[in-house]
Amino acid sequence: WFVLGLFCQYSTSKLDCGSYSTKSQLYKLKRWQDGTNSGTGVFFQHEIDTVGVVDVESISLIYDVVAAPAYFAVAQHFNGISNALSVDIYAWNGDEGEGKFEIVQIIPTFGAVGIKSQNYGSSSFLLIAQLDQPVHLLEWEPEKLI
């Protein structure tokens with residue numbers, strides 16, 4: 001998967017950064033074959049609504065056998081008025097051909113500036129850095145971060 005967290009968007013053939021709300025785009029890296037031609041490409045899947053995105057992170061849950069096949073986190077920093085936003089956790093819902101990413105958890109933050117996912121031992125963690133706030137280190141339990 002390839003997630004493009006957008007802070008600006010295109011409107012009427014120009015880049016518009018006047019609004020913090022935008023649609024971030026999700027793409028999937030796929031192998032393709034058409035007759036005798038084949039290759040690998042990045043294909044658009046769908047969009048998600050985001051606000052003031054500053055970071056996007058893939059989450060690999062190799063130790064959770066019931067977890068969805070793909071997860072990612074979106075850190076949102078500022079909406080034009082406040083830094084009180086969230087880090088949203090998305091999971092793939094569907095099979096290989098059909099489906100979409102859906103929010104499975106919303107973690108309240110204040111001015112998130114970065115996120116990092118890491119597996120250590122037999123656990124998976126998400127680190128969230130924020131403005132003038134302590135760093136949050138969350139551990140994955142089946143179906144959510146705690």
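Values reported hereafter were calculated over all heavy atoms of this structure, with side chains retained and with hydrogens, waters and symmetry mates removed.
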Does [X] share a hydrophobic cluster with [Y], counting links as ILVMFWY side-chain heavy atoms below 4.5 Å and allowing steps through other members?
{"X": "V54", "Y": "F110", "answer": "no"}
{"X": "V56", "Y": "I103", "answer": "yes"}
{"X": "I107", "Y": "W140", "answer": "yes"}
{"X": "F72", "Y": "V113", "answer": "no"}
{"X": "F78", "Y": "I81", "answer": "no"}

Separation between [atom1] of [X] and [atom2] of [Y], rounded to the nearest 0.5 Å:
{"X": "L138", "Y": "F125", "atom1": "CG", "atom2": "CZ", "answer": "10.0 Å"}
{"X": "Q33", "Y": "T40", "atom1": "CD", "atom2": "OG1", "answer": "11.0 Å"}
{"X": "L85", "Y": "H77", "atom1": "CG", "atom2": "NE2", "answer": "9.0 Å"}

Can you see which heavy atom on [X] is nearest to which on [Y], and at what distance?
{"X": "S124", "Y": "S60", "answer": "OG-O, 3.6 Å"}
{"X": "A73", "Y": "L126", "answer": "CB-CD2, 4.3 Å"}
{"X": "A75", "Y": "I115", "answer": "N-CD1, 3.8 Å"}

Run Q105 and D88 through side-chain hydrogen bond (donor to acceptor under 3.5 Å, both in side chains) and show every step you take. CA-CA 6 Å; Q105 188 171 359; D88 297 343; over 6 Å; no
Do the non-hydrogen side-chain atoms of [X] and [Y] ever get within less than 4.5 Å of each other?
{"X": "V74", "Y": "Q76", "result": "yes"}
{"X": "Q130", "Y": "I128", "result": "yes"}
{"X": "T109", "Y": "N83", "result": "no"}

Parallel, tilted or perpendicular: ring planes of W92 versus H46, cut at 30 and 60 degrees: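 Tilted, since the angle between the ring planes falls between 30° and 60°.
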Tell me whether [X] contacts the main-chain N or O of [Y] through its side chain, where contact means a donor paired with an acceptor under 3.5 Å.
{"X": "N93", "Y": "K100", "value": "no"}
{"X": "D34", "Y": "N37", "value": "no"}
{"X": "E47", "Y": "S24", "value": "no"}

S117/E57 under side-chain hydrogen bond (donor to acceptor under 3.5 Å, both in side chains): CA gap, chis, key distance, verdict: CA-CA 7 Å; S117 174; E57 177 78 6; 4.9 Å; no
Could you check Y90 against Y71 for ring pair (Phe, Tyr, Trp, His ring centres under 6.0 Å), going step by step and ending with a plain yes or no? CA-CA 6 Å; Y90 290 82; Y71 287 84; over 10 Å; no
